[in-house]
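Notes to accompany the following structure.
Here is how names work: the chains are called A, B, and so on, in the same order as the sequence lines, proteins then strands, and each is numbered from 1. Values below: all heavy atoms of this structure, side chains included; hydrogens, waters and symmetry mates excluded. For clarity, every value in this text was computed on a predicted model and none was experimentally measured.
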Amino acid sequence: MEESTSSNLLTETLNLQPSFAIRQILQGTTRGKEIVQSLEEKRSIISKQRKQLVRLLVSHLLETNGETPSTDTKKALAVALVYEFPCLLDGTGSGYGAWYTTGRNHKPATGFLEERLRNARKRMRILKRPRHQEQQKEPTVPSTPEYDVPPEKLLEMVEWMKVNRYPVSQVEDYMNQTALHRGKWIRSNGSKSLPEILTEFPRLLDNPGMISQDFQQLHPEAVRELFQNWATMSDQILTYAQREGKLPLVFDDMTPGLEEKSTDPP
DNA sequence: CCGGTTCCATCAACACAACC
DNA sequence: GGTTGTGTTGATGGAACCGG
């Protein structure tokens, strides 16, 4: 019942918090920065910001832990969040139940993070099964993405995505259809720089899950392995990026407030 | 041409079934 | 016992439409 006290949360947090650098995740985007600012100055956020916050965190979760993160991972994220921003503590026994609650008494796990994760999975599954979803208005490329999409249509989609962020499902569909084209384009002429890539495909960063969707599209056989070994793979990727001289830009863009909190994993 | 209203698509959140 | 999948519903925001 009232199992939890603040010292409980503290213990839990000390154990789990290093897994998620909440601030760094949020500082990676403009909206994330606004949310952090609001949390610091007003000690509150509006519901729109809360939804955006959940999107950013779940997007990070998907990138780093795959589609079905463990219960502990999800709990760690929720705990890290309310530890970092105590004003987000809720009235539930644990203090973070509104963000993540494990299932109990035949009731499924719930909370904003869990629900977002579930809805994201649902959407991704729908996208992966185009055959099932054939009653589209446009008679365009339902089955294998891209192979039968004419080049001009590809360019049309790319241009559309430069100026449109919504509807999200449309963005995800177009990103899906242009994944192969994007891969070729990025690697053409000795590979593109990060700013070049983000100018051509801004939705890669601001629409959650697009990078993993691309990887899924290009290397479906390796997705599982990548997710499982992400901790070591990410190091190798960073090392490679550094060697290629691309890393400084990445850090400049994504972690402007990289100061004190050196989070070394246990 | 502009402001207000209606219509429509999307998504978050909920509820329950299916599964391990 | 719990988690994941899926259908449903209400809220929200943008597009289209209409009257002044």
Between A:Arg23 and A:Glu84, is there a side-chain N and carboxylate O pair less than 4.0 Å apart? yes

Pair A:Glu114 + A:Lys75: basic N to acidic O under 4.0 Å: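 Looking at A:Glu114 and A:Lys75, the cut-off is not met.
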
Step by step, work out the side chain to side chain contact (heavy atoms under 4.5 Å, CB included) result for A:Asp90 and A:Phe112. CA-CA 12 Å; A:Asp90 52 57; A:Phe112 300 131; over 6 Å; no

Short heteroatom pairs, N/O only, protein and nucleotides 7-12 of chain C, under 3.5 Å:
| from | atom 1 | to | atom 2 | distance (Å) |
| --- | --- | --- | --- | --- |
| C:dG7 | N7 | A:Lys122 | NZ | 3.4 |
| C:dG7 | O6 | A:Lys122 | NZ | 3.0 |
| C:dT8 | O4 | A:Lys122 | NZ | 3.4 |

Return yes if a side-chain donor-acceptor contact under 3.5 Å exists between [X] and [Y], otherwise no.
X: A:Ser70; Y: A:Asp72; value: no
X: A:Asp173; Y: A:Gln177; value: yes
X: A:Arg182; Y: A:Thr178; value: yes

Spacing of [X] atom [atom1] relative to [N] atom [atom2], expressed in whole Å:
X: A:Glu115; N: B:dC16; atom1: CD; atom2: C1'; answer: 12 Å
X: A:Arg55; N: B:dT10; atom1: CZ; atom2: P; answer: 13 Å
X: A:Asp173; N: B:dT10; atom1: CG; atom2: C1'; answer: 14 Å

Could you go through A:Leu117 and A:Leu62, starting from their C-alpha distance and side-chain angles, then the distance that decides it, and tell me whether this counts as side chain to side chain contact (heavy atoms under 4.5 Å, CB included)? CA-CA 8 Å; A:Leu117 199 54; A:Leu62 286 166; 3.9 Å; yes

Each nucleotide N or O in nucleotides 2-5 of chain C that has a protein N or O under 3.5 Å away: list the pair and distance.
| from | atom 1 | to | atom 2 | distance (Å) |
| --- | --- | --- | --- | --- |
| C:dG2 | OP2 | A:Asn105 | N | 2.8 |
| C:dG2 | O5' | A:Gly103 | O | 3.4 |
| C:dT3 | OP1 | A:Thr71 | OG1 | 3.0 |
| C:dT3 | OP2 | A:Gly103 | N | 2.5 |
| C:dT4 | OP2 | A:Lys74 | NZ | 2.8 |
| C:dG5 | OP2 | A:Arg121 | NE | 2.6 |
| C:dG5 | O6 | A:Arg118 | NH1 | 3.1 |

Restricting to non-hydrogen atoms, name the atom on A:Met175 and the atom on A:Asp214 that form the minimum distance, rounded to 0.1 Å.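 Closest approach of A:Met175 to A:Asp214: O-OD1, 3.9 Å.
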
